[in-house]
*Asks:* 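Got a structure for you, written out below as structure tokens; questions coming shortly.
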Amino acid sequence: MASSPTLCITITNLLILLILFLPTLVLSDSCNEAELSHDTINGGDQSLRYKLAAIASILFAGAVGVTIPLIGKKVPALNPENPVFFMIKAFAAGVILATGFVHILPEAFERLSSPCLGENPWGKFPFTGFVAMVSAIGTLMVDTFATGYYKRQHFSNGKQVVAAGDEEEGRGEDQHAGHVHVHTHATHGHSHGGSTASPSDEESLSHLIRRRIVSQVLELGIVVHSVIIGVSLGASQSPETVKPLLAALSFHQFFEGLGLGGCISQAKFRFSTMAMMVLFFSLTTPVGIVIGIGVSRVYHEQGKTALIVEGVFDSASAGILIYMALVDLLAADFMNPRLQSSMRLLLGANVSLLLGTGCMSFLAKWA
């Protein structure tokens, strides 16, 4: 039976293939060869120093951002049961929403509407909006089919929902790999044999399954874009371009990490899965920068193939992030009875949402 870690590993393999083959798709094919040779000659040595600093800075910022929500069990304010966590999640969701709308989608429009691509067919059809729409619909399909599949696997044939706390989940991961555990508060114990789960257990399990799928699909959308911006930064030969991006992308990765880390913490993955997701998110942009440095002599972001590949990937990434932010993060939390029953908490969540979108939108001036 497929399991949540298996899905995570599958996504990881797909993203590794993306990292390996993206540069080969965007080599040369420049719209303006004169501009290419000029860019590769001037400012290369100075920009390399900024790129190396960017690798360290972005790696640190991304790792810190995605790790902060995961240490919530040790910090009361970051615990998912704390009302303050609703506001933190709203801020992080606002960051992800602004990333899709303000950062990625405009870049995709710019790339796929470039004069370098010609009028036919790129100028005659809105490919950016179309790809983003298809990507959002595809995310919905993956979301619903995967959730339904896991529910059927766990609830069919009277399968038992095993009661387990967070610590027990870590100790028994070998025996229960791939299974979702739900704590049974009514009995304060564990039931075995042929008994079935209570409705409250089934509801808890459904929420946990959803959170696991949401966190993995969300990471997919974030990481695809991270690879692209990493390659673009690494291939840039202009110090004036690289220098402001160093700070802007560090904050960018930190805020995105907060959003992703909040989802991972609620999904209650076993430690090895969480470590793999954190590591992969933290490394994608720095690895993209390294690849960009390696191909900087032959890569040109205004090349026809580069514009098409990056534009399509950006459009797809934007569709994923916008869907996830609105449907799986904001709608789920803002419709939560606990949030709606407290006007103070609801107001705080809305203010946090606006702060998150505002901060990320402000960074769009540089990155």
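These figures come from a predicted structure and were not determined experimentally.
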*Asks:* Would you tabulate the side-chain donor-acceptor contacts of residues 53-61 under 3.5 Å, counting partners in other chains and residues two or more places apart, or write 'none'?
*Replies:*
unit_1, atom_1, unit_2, atom_2, d
Ser57, OG, Ser250, OG, 2.5

*Asks:* Met360 vs Val102, test: side-chain contact (heavy atoms from CB on, under 4.5 Å). Steps then yes/no.
*Replies:* CA-CA 8 Å; Met360 204 62 180; Val102 182; over 6 Å; no
*Asks:* Please determine which of Leu218, Val224, Val223, Ile222 meets the side-chain contact (heavy atoms from CB on, under 4.5 Å) test together with Leu220.
*Replies:* Val224
*Asks:* Can you list the steps and then say if Val278 with Thr67 is a side-chain contact (heavy atoms from CB on, under 4.5 Å)?
*Replies:* CA-CA 7 Å; Val278 168; Thr67 303; 4.1 Å; yes
*Asks:* Closest heavy-atom contact between Val66 and Ser282?
*Replies:* CG1-OG, 4.1 Å
*Asks:* Does any N or O in the side chain of Asn336 come within less than 3.5 Å of the main-chain N or O of Ala332, such that one atom is a donor and the other an acceptor?
*Replies:*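 Such a contact is absent between Asn336 side chain and Ala332 backbone.
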*Asks:* Taking ring pair (Phe, Tyr, Trp, His ring centres under 6.0 Å) as the definition, give me every residue that meets it alongside Phe255, ordered by chain and number, with sequence neighbours left out.
*Replies:* Phe91
*Asks:* Which atoms form the tightest heavy-atom contact between Leu140 and Tyr323, and what is the distance?
*Replies:*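 Looking at all heavy atoms of both residues, the shortest contact is CD1-OH, 3.2 Å.
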*Asks:* When rounded to the nearest 0.5 angstrom, what distance separates NZ in Lys243 from NZ in Lys51?
*Replies:*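 Nearest 0.5 Å value for the NZ-NZ distance: 14.5 Å.
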*Asks:* Kindly give the heavy-atom pair with the smallest separation between Val95 and Glu256, and that separation in Å.
*Replies:*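 Closest approach of Val95 to Glu256, heavy atoms only: CG1-N, 3.9 Å.
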*Asks:* At what distance, to the nearest 0.5 angstrom, does CG of Asp333 lie from CZ of Arg338?
*Replies:* 11.0 Å
*Asks:* Are Leu354 and Leu329 linked, directly or through intermediate hydrophobic residues, by side-chain heavy-atom contacts shorter than 4.5 Å (ILVMFWY only)?
*Replies:* no
*Asks:* Taking Thr273 for the side chain and Phe269 for the main chain, is one N or O donor matched with an acceptor at less than 3.5 Å?
*Replies:* no
*Asks:* Scan Ile229, Thr99, Ile228 and name whichever one has a side-chain contact (heavy atoms from CB on, under 4.5 Å) with Ile104.
*Replies:* Thr99
*Asks:* Has the side chain of Ser317 got a donor or acceptor atom that lies under 3.5 Å from a matching backbone atom of Phe313?
*Replies:* no
*Asks:* Apply the test side-chain contact (heavy atoms from CB on, under 4.5 Å) to residues Leu112 and Ser315: give CA-CA distance (whole Å), side-chain angles for both, the deciding distance (0.1 Å), then the verdict.
*Replies:* CA-CA 9 Å; Leu112 294 183; Ser315 300; 3.9 Å; yes
*Asks:* Looking at CG of Leu97 and CG of Leu330, how far apart are the two atoms once the value is rounded to the nearest 0.5 Å?
*Replies:* 6.5 Å
*Asks:* Applying salt bridge (Lys or Arg N to Asp or Glu O under 4.0 Å) as the test, list every pair that has at least one member in residues 125-149; sequence neighbours left out.
*Replies:* Asp143-Arg210
*Asks:* In this structure, are over 12 heavy atoms from other groups packed under 6.0 Å from Phe125 atom CZ?
*Replies:* yes
*Asks:* When rounded to the nearest 0.5 angstrom, what is the spacing between CZ in Phe127 and CD1 in Ile308?
*Replies:*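 So the gap between those two atoms works out to 9.0 Å.
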*Asks:* Identify which one of Leu249, Leu283, Thr284 satisfies the side-chain contact (heavy atoms from CB on, under 4.5 Å) criterion when paired with Ser226.
*Replies:*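 Running side-chain contact (heavy atoms from CB on, under 4.5 Å) over Leu249, Leu283, Thr284 with Ser226 returns exactly one hit, Thr284.
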*Asks:* Counting only N and O atoms by type, is there a donor-acceptor contact under 3.5 Å from the side chain of Arg212 to the main-chain atoms of Ile264?
*Replies:*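 Side chain of Arg212 to backbone of Ile264: no pair is present.
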*Asks:* Could you tell me whether the side chain of Ile88 reaches within less than 4.5 Å of the side chain of Pro69, counting heavy atoms only?
*Replies:* no
*Asks:* Looking only at non-hydrogen atoms, find the nearest pair between Ala90 and Phe334 and report the distance.
*Replies:*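 Reported closest heavy-atom pair: CB-CE1, 4.2 Å.
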*Asks:* Please check: side-chain N/O of Ser135 versus main-chain N/O of Val131, any donor-acceptor pairing under 3.5 Å?
*Replies:*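 Here the side-chain-to-backbone pair does not exist.
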*Asks:* May I ask you to decide if Arg111's main-chain N or O and Glu310's side chain share a donor-acceptor pair within less than 3.5 Å?
*Replies:*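 Absent.
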*Asks:* Atom CD1 of Ile96 and atom SG of Cys263: how far apart are they, to the nearest 0.5 Å?
*Replies:* 6.0 Å
*Asks:* Taking it one step at a time, do Thr139 and Met324 satisfy side-chain contact (heavy atoms from CB on, under 4.5 Å)?
*Replies:* CA-CA 8 Å; Thr139 305; Met324 299 300 290; 3.6 Å; yes
*Asks:* Is it the case that over 12 heavy atoms from other parts of the model lie below 6.0 angstrom from the CD atom of Glu110?
*Replies:* no
*Asks:* When rounded to the nearest 0.5 angstrom, what distance separates CG in Asn350 from CG in Leu355?
*Replies:* 11.0 Å
*Asks:* If you compare all heavy atoms of Leu105 against all heavy atoms of Ala318, which two are closest, and at what distance to 0.1 Å?
*Replies:* CD1-CB, 3.7 Å
*Asks:* Do any N or O atoms from the side chain of Ser114 and from the backbone of Leu117 form a donor-acceptor pair under 3.5 angstrom?
*Replies:*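 Between the backbone of Leu117 and the side chain of Ser114 there is no qualifying donor-acceptor contact (under 3.5 Å).
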*Asks:* Which heavy atom of Ala93 sits nearest a heavy atom of Ala325, and at what distance?
*Replies:*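 Looking at all heavy atoms of both residues, the shortest contact is O-CB, 3.9 Å.
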*Asks:* More than 12 non-hydrogen atoms from neighbouring residues, nucleotides or ligands closer than 6.0 Å to CZ on Phe251, yes or no?
*Replies:*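 Atom CZ in Phe251 is not crowded, with 12 or fewer foreign heavy atoms closer than 6.0 Å.
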*Asks:* Would a single hydrophobic cluster contain both Val134 and Met141, if residues Ile, Leu, Val, Met, Phe, Trp and Tyr are joined by side-chain heavy-atom contacts under 4.5 Å?
*Replies:*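 Met141 clusters together with Val134.
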